[in-house]
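Read through the structure below, which is laid out as structure tokens, and then see the notes.
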2 protein chains.
Amino acid sequence: MKKITIGEAARRSGVKVPTVRYYESIGLLAAPSRSEGNQRSFEPADISRLAFIRHARELGFEIEAIRTLLTLQDDPHQSCASADAIAKARLAEVEQRIRSLMALKAELEIMVEGCGHGRVDQCRVIEVLADHDQCTHSHH
Amino acid sequence: MKKITIGEAARRSGVKVPTVRYYESIGLLAAPSRSEGNQRSFEPADISRLAFIRHARELGFEIEAIRTLLTLQDDPHQSCASADAIAKARLAEVEQRIRSLMALKAELEIMVEGCGHGRVDQCRVIEVLADHDQCTHSHH
DNA sequence: CCTACATCCTCTAGCGACTAGAGGTGCAAG
DNA sequence: CTTGCACCTCTAGTCGCTAGAGGATGTAGG
């Protein structure tokens, strides 16, 4: 088998080189074998694992959640109830975050629209920040 | 004038006690005068400033942006162009983040719906994570 | 006045998930 | 053989706090 260097692994998985080493250091990725010159030599399976991690991170899963998802992947006979629960929890988080950001968006739009582009003492941006009661929503 | 303790200031502004000290340490809030026993003694203006900071943080502004907004508030004769620019930039960020989260939401929903609640080797959650090509959107 | 207790003080270290940099070694091409 | 990139380890920094240690101060009741 051909040796996959860390740079190659990074390029193929889309995870940065220092991040690969970081994942190894926290035990998310098994320590690969080393070449004579002490350089890491990865297997194709490591690339898949890194891609899995990267994808999960992009979806906003936390490292500990990914650790659980990975142990599930490692043992395909387990029930996928935990995977389902993790994904559902993440979905709920995302939905909550979207709602919250929509409220922020509305408030920021009011601030920006109200700005007369004059001096600060007439600026709605500063004014709204200073006085919470001017918020349309009591979201936060 | 009556002395406002840090606990009182925290309660009135909605900023936690250690956070008030932290804001002072990074120069976001001027160091208040001290009592005989070396305890901080705040002015009403400090409470307003803290409330301003808190509100801006809730809206997701970064500390450095808030620092700029505060210097604008301190000098009301300045043009509010920078305040406007900061708020606009934040609005753009929020809009981008919402778009991104909507895409995530869609993907998570597909994962969760596809889960047959059986074993991991038939689980759509794990499967989608392992294979990025199964994503409906190429958002990330 | 004494005691209990809450609140205050400073300082350091930790969180998550990396990222940056120093200082050194390995390796392949020209 | 030398150039130059990729690799190695290790430490420290990022952001915005938060937690805890260990001690001083302030207040209310007995």
Side-chain angles (χ1 to χ4, degrees), chain A residues 2-29 31-42 46-47 49-70 86 89-90 93 97 140, chain B residues 2-29 31-42 46-47 49-70 86 89-90 93 97 140:
Chain A
K2 52 190 173 290
K3 56 191 168 188
I4 304 173
T5 66
I6 195 168
E8 181 74 3
R11 215 176 35 72
R12 284 206 228 164
S13 65
V15 176
K16 289 186 202 152
V17 169
T19 308
V20 174
R21 286 196 276 252
Y22 170 69
Y23 288 158
E24 184 190 324
S25 80
I26 61 168
L28 213 56
L29 190 70
S33 58
R34 299 290 182 122
S35 75
E36 284 189 22
N38 195 35
Q39 302 202 347
R40 287 171 181 81
S41 182
F42 293 90
D46 295 322
I47 313 295
R49 197 169 175 98
L50 281 170
F52 183 105
I53 297 170
R54 182 188 146 222
H55 193 191
R57 285 295 299 136
E58 283 168 349
L59 288 168
F61 289 96
E62 290 173 5
I63 293 287
E64 286 316 301
I66 296 173
R67 204 186 288 278
T68 305
L69 291 169
L70 282 168
I86 290 171
R90 178 69 195 137
E93 272 172 38
R97 189 90 188 104
H140 44 258
Chain B
K2 51 192 173 289
K3 55 192 168 186
I4 304 173
T5 66
I6 195 168
E8 180 75 4
R11 217 174 35 69
R12 284 207 229 164
S13 65
V15 175
K16 288 186 201 150
V17 170
T19 308
V20 174
R21 286 196 276 252
Y22 170 70
Y23 288 159
E24 182 189 325
S25 81
I26 60 167
L28 213 55
L29 189 70
S33 56
R34 299 291 183 121
S35 76
E36 284 189 21
N38 196 34
Q39 302 202 346
R40 287 171 181 81
S41 182
F42 294 91
D46 296 322
I47 312 296
R49 197 170 175 98
L50 281 169
F52 184 105
I53 296 170
R54 182 186 147 226
H55 193 191
R57 286 294 300 138
E58 282 168 349
L59 289 169
F61 289 96
E62 289 174 7
I63 294 286
E64 286 316 302
I66 296 173
R67 203 186 289 278
T68 305
L69 290 170
L70 282 168
I86 291 170
R90 177 69 194 136
E93 271 172 38
R97 191 90 187 102
H140 43 258

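Chain letters run A, B, ... following the sequence lines, proteins first, then strands; residues in each count from 1.
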Open item on the list: With a 4.0 Å cutoff (strictly under), does any side-chain N or O of Arg40(B) reach OP1 or OP2 of dT10(C)?
Closed with: yes
Contact list (N/O, under 3.5 angstrom) for nucleotides 15-23 of chain D vs protein:
from    : atom 1 : to       : atom 2 : distance (Å)
dG16(D) : OP1    : Ile63(B) : N      : 3.4
dC17(D) : OP2    : Tyr23(B) : OH     : 2.8
dC17(D) : OP2    : Arg57(B) : NE     : 2.8
dT18(D) : OP1    : Lys16(B) : NZ     : 3.4
dT18(D) : OP2    : Thr19(B) : OG1    : 3.2

- [ ] Using a 4.0 Å heavy-atom cut-off across all strands, classify Arg11(A) as base, sugar-phosphate, or nothing.
- [x] nothing
Task: Spacing between Gln39(A) atom CD and dG24(C) atom P, to the nearest angstrom - done: 18 Å
For residues 13-21 of chain A, run the donor-acceptor check on the side chains, cut-off 3.5 Å, and write out each pair with its distance to 0.1 Å, sequence neighbours left out.
from     : atom 1 : to       : atom 2 : distance (Å)
Ser13(A) : OG     : Ala9(A)  : O      : 2.8
Ser13(A) : OG     : Val15(A) : N      : 3.2

- [ ] Rounded to 10°, tell me the angle between the two end axes of the helix from dC1(C)-dG30(D) to dG30(C)-dC1(D), each built from five pairs.
- [x] 10°
Task: Exam field: side chain Arg90(A) to backbone Leu59(A), donor-acceptor pair closer than 3.5 Å - done: yes
Open item on the list: With a 4.0 Å limit, can you tell me whether Ser35(B) has a side-chain N or O closer than that to the phosphate oxygens OP1/OP2 of dT25(D)?
Closed with: no
- [ ] Please report, rounded to the nearest Å, how far the C1' atom of dC18(C) is from the CZ atom of Arg54(A).
- [x] 16 Å
Task: Between P of dG16(C) and CD1 of Ile66(A), the distance in whole Å - done: 13 Å
Open item on the list: What is the distance, to the nearest angstrom, from the NZ atom on Lys3(A) to the P atom on dA6(D)?
Closed with: 16 Å
- [ ] Take atom CD of Glu24(B) and atom P of dC8(C), then tell me their distance rounded to the nearest Å.
- [x] 14 Å
TODO: Please work out if Arg21(A) contacts a base, only the sugar-phosphate, or nothing of the nucleic acid, heavy-atom cut-off 4.0 Å.
DONE: base
- [ ] Taking all non-hydrogen atoms of both residues into account, name the closest pair between Tyr23(A) and Ile63(A) and its distance.
- [x] CE2-CD1, 3.9 Å
Open item on the list: With salt bridge (Lys or Arg N to Asp or Glu O under 4.0 Å) as the criterion, how do Glu93(A) and Arg97(A) come out once you've worked through the C-alpha distance, each side chain's angles and the decisive distance to 0.1 Å?
Closed with: CA-CA 6 Å; Glu93(A) 272 172 38; Arg97(A) 189 90 188 104; over 6 Å; no
Task: NZ/NE/NH1/NH2 to OD/OE distance under 4.0 Å, Arg54(A) and Glu58(A) - done: yes
Open item on the list: A side-chain contact here means heavy atoms from C-beta on lying under 4.5 Å apart; do Ile66(B) and Arg57(B) qualify?
Closed with: yes
- [ ] Would you kindly give the CD-to-P distance between Glu8(A) and dC5(D), to the nearest whole Å?
- [x] 18 Å
- [ ] Map Asn38(A) and Thr5(B) onto DNA chain C by nearest heavy atom, then report which one ends up closer to the 5' terminus.
- [x] Thr5(B)
Open item on the list: I'd like to know whether CD of Glu62(A) has more than 12 heavy-atom contacts from other residues, nucleotides or ligands below 6.0 angstrom.
Closed with: no
- [ ] For atom CD of Glu24(B), decide whether the heavy atoms of other residues, nucleotides or ligands shown that lie under 6.0 angstrom number more than 12.
- [x] yes
Task: Protein-nucleotide distance (Leu29(A), atom CG; dC18(C), atom P), rounded to Å - done: 13 Å
Task: CZ/Arg67(B): more than 12 non-hydrogen atoms of other groups inside 6.0 Å - done: yes
Open item on the list: Taking 4.0 Å as the cut-off, does a side-chain nitrogen or oxygen of Arg34(B) come that near to OP1 or OP2 on dT10(C)?
Closed with: yes
